[in-house]
Protein chains: 2
Amino acid sequence: MTLAEKAYDALRHDIIRGAFAPESPLRLADLSERYGMGFSPLREALNRLQAERLVTAESLRGFRVAPLSLDELHDAIALRIQIESEALRSAIRLGDDAWAAGIVSALYALTLQAGRTGAQADIWALEARHHAFHRALLVACNSPWTLEFFERLYAATERYRIPVLLAATRPAGRDVQAEHKALAEATLDRDAGKAVVVLREHYLRTAEDIERAIPAQDGDALPAKAAV
Amino acid sequence: MTLAEKAYDALRHDIIRGAFAPESPLRLADLSERYGMGFSPLREALNRLQAERLVTAESLRGFRVAPLSLDELHDAIALRIQIESEALRSAIRLGDDAWAAGIVSALYALTLQAGRTGAQADIWALEARHHAFHRALLVACNSPWTLEFFERLYAATERYRIPVLLAATRPAGRDVQAEHKALAEATLDRDAGKAVVVLREHYLRTAEDIERAIPAQDGDALPAKAAV
DNA sequence: ATTCCAAAAACTTTCGAAAATCCTTCTTGC
DNA sequence: GCAAGAAGGATTTTCGAAAGTTTTTGGAAT
C-alpha cells in the first residue's frame, strides 16, 4: 500500500469521524506532521477526497473539511431512500444464498457489537458493523454505480450520525436493533414492499435523531465538533 | 487556475472524448510532455479522476483509462433514468421562471448547433449544448447530490456516445432533436408523467444507438478507439 | 528449445526545495 | 485617527531528483 493510499484512508476516516471541525483548514504542514509523510501523498489524498465531496478546495488557498448543513443532510437522506429502495428491490430479486447468508452474518455481528457495553463497547467497531450490514443488504443489486453512490452517501450521512453515536444515549422510544432485524427479515422473506417501507422509516428516524441531537442554530451550518 | 486544475480539465475532456483508448496506461512521462507540466499536478488530477471512476489505479503500477463495457453502459443508463426521472419531477414541482427560461434557451442553442452542417458542424460544441440542455432540465431539483450524480453518470455514459456522434450518420428512424423538443415541452407544460416517459424513451433509444454502433464482440469489453 | 535468474531499463512514488501566492503587520501619508 | 500600500511571514503549488518497484532483457543451465 502506498503512502498516498494510507493518507487517503486515514484522512477519510478522520473526517467522517469528526476528528477535524467542519470547514476547518487542512494545512499541509499540520497533516504532514500528523500522518508522518511529505506533502505529495497528502495532496493526492486530498484531491480524491475533494472529488468525493468530503473536502473542499480553493485555488491557491488549500483544502478545508467540507461543511455540514441540515439541507445537505436532508438531501442525502432523501436520495439514500430513493436509491437504496430501488437497490434493495433489485437485490431481493437477484440475490442468491450467499447474499442472504451475508445479511444474516452481518446482522449477527452488528447485533453482537451493539449489545456490548462498558469496556467492550466500541463505537467505531459498531459503526463498521453498521456500514457492513447496510452494504450487505444491497450488494446483490448488480449495479456497481448504485453501490458507488451508496458508499458516497453513506459517508456523507455518517458524518452527521457520529455525534448521535458519541452521545451514546439510547434515543427514547426507539429500538434501532429491532429496526435492523425487521429490515433483514423482510429482505430475507423477499418481501420487497415491506423491506423498502422499513428501510425508509429507519432512515427517517435516524434523520430525526440527528436533528434532535443538534443544538438549535440560527443559520444552516452545523456547529463544529471538537477533535475526537 | 492552478496547473492541477488545468490538468484535471484537460484529462477529463480527453478521456471522455476518447483521445485515449480504454484501459490504455496513462504514463506520467507521456502526460507530462502532452500537457506541458510536471508530475505533481498530473498525479493530483489523476487521483481526482480515479475517484470519479474515469481512470483506474493500481498500487505502484500507475493509472489507466477506465474500461468500457456494455454491462456498465446498461447500469449507468438505468440509473440515469431512475435518478433523473425523480429529479425531473422535483424540478417540475419546484422550478421557477428562470429555470423554464434556461430550458428554452438551452434547447434553442442545442437545436441551432444540431442544425449546422459542413464546416460549421462542430461535434464538440454540439456535445456541450447537449450536456447543458439535459442539465438545465434538472437544475431546479434542489438536490446538490442528485446533480452531482447526474454529472458523474453523464460523463460515464458520454464516453459510450462519442463514437455514435463521430459516426455522424443520422440513425435511421430517429429524430433526436424532436425528442429533445418533446422533452422540453412536456417539462415546460409541467406534465411530469409525460416528461419522465419521454426522458426514459430518449435514453433507451440512445442506448440502442450505441449498441448498434458497436461491432459485435466476444466478451464484454468494448473495442479501443483510436486517438482523436 | 525452455526455464530460471540476474541485471538493466522503465516507471511510479515520494521527498525536499524553489517558486508563486495569499495573509498579516507595520509603516507612511493624509 | 485612518486608509493605502509595502514588507515580511505563512501557505500552497510546482518542479526536479532520489528512492523504490515492476517489467523487460539477456544469458546460463537444463
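Note that the coordinates shown come from a computational prediction; the quantities given were computed from them, not determined experimentally.
- A cation-pi arrangement is found for Arg80(A) relative to Tyr203(A), the charged atom lying closer than 6.0 Å to the ring centre and inside a 45° cone about the ring normal.
- Between dT12(C) and Arg43(B), no contact under 4.0 Å exists linking OP1 or OP2 to a side-chain N or O.
- For the atom pair CG of Leu110(B) and CD of Glu127(B), the computed distance is 10.5 Å after rounding to the nearest 0.5 Å.
- The residue Glu58(A) sits close only to the backbone: its heavy atoms come under 4.0 Å of sugar-phosphate atoms, none of a base.
- The CG atom of Leu26(B) sits 20 Å away from the P atom of dA10(C) (whole-angstrom rounding).
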Would Glu52(B) and Arg48(B) count as a salt bridge (charged side-chain N to carboxylate O under 4.0 Å, His left out) if you check the C-alpha gap in whole Å, the side-chain angles of each, and the deciding distance to 0.1 Å? CA-CA 7 Å; Glu52(B) 293 184 24; Arg48(B) 287 177 64 178; 5.3 Å; no

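- We find that OH of Tyr8(B) is positioned 16 Å from P of dT13(D), with the value rounded to whole Å.
- Per the geometry, CG belonging to Leu42(A) stands 13 Å off C1' belonging to dT12(D), to the nearest Å.
- The CG-P distance, from Leu28(A) to dA19(C), rounds to 19 Å in whole Å.
- Between Leu31(A) atom CG and dT11(D) atom C1' there is a gap of 12 Å when expressed in whole angstrom units.
- Mapping Pro25(B) and Pro41(A) onto DNA chain C via the closest heavy atom, the residue that lands nearer the 5' end is Pro25(B).
- Contacts of Leu60(A) with the nucleic acid, taken as non-hydrogen atoms under 4.0 Å apart, involve only primed sugar atoms and P, OP1 or OP2.
- The phosphate of dT12(D) has neither OP1 nor OP2 within less than 4.0 Å of any side-chain N or O from Arg61(A).
- Rounded to whole Å, atom C1' of dT12(C) lies 16 Å from atom CD of Glu44(B).
- At a cut-off of 3.5 Å, with distance as the only test, no side-chain donor of Glu86(B) or Thr146(B) sits close to an acceptor on the other residue.
- One atom, CD of Glu5(A), and another, P of dT21(D), lie 14 Å apart when rounded to the nearest Å.
- Counting non-hydrogen atoms of other residues, nucleotides and ligands closer than 6.0 Å to CG of Asp97(A) gives a total of 12 or fewer.
- Comparing dT14(C), dT12(D), dT13(D) by their nearest atom to the side chain of Arg27(A) picks out dT12(D).
- Residue Leu46(A) contributes atom CG, which lies 15 Å from atom P of dT11(D) at whole-angstrom precision.
- Within 4.0 Å (heavy atoms only), Thr2(B) reaches sugar-phosphate atoms of the nucleic acid but no base atom.
- If you check every strand for non-hydrogen atoms under 4.0 Å, Phe39(B) touches a base.
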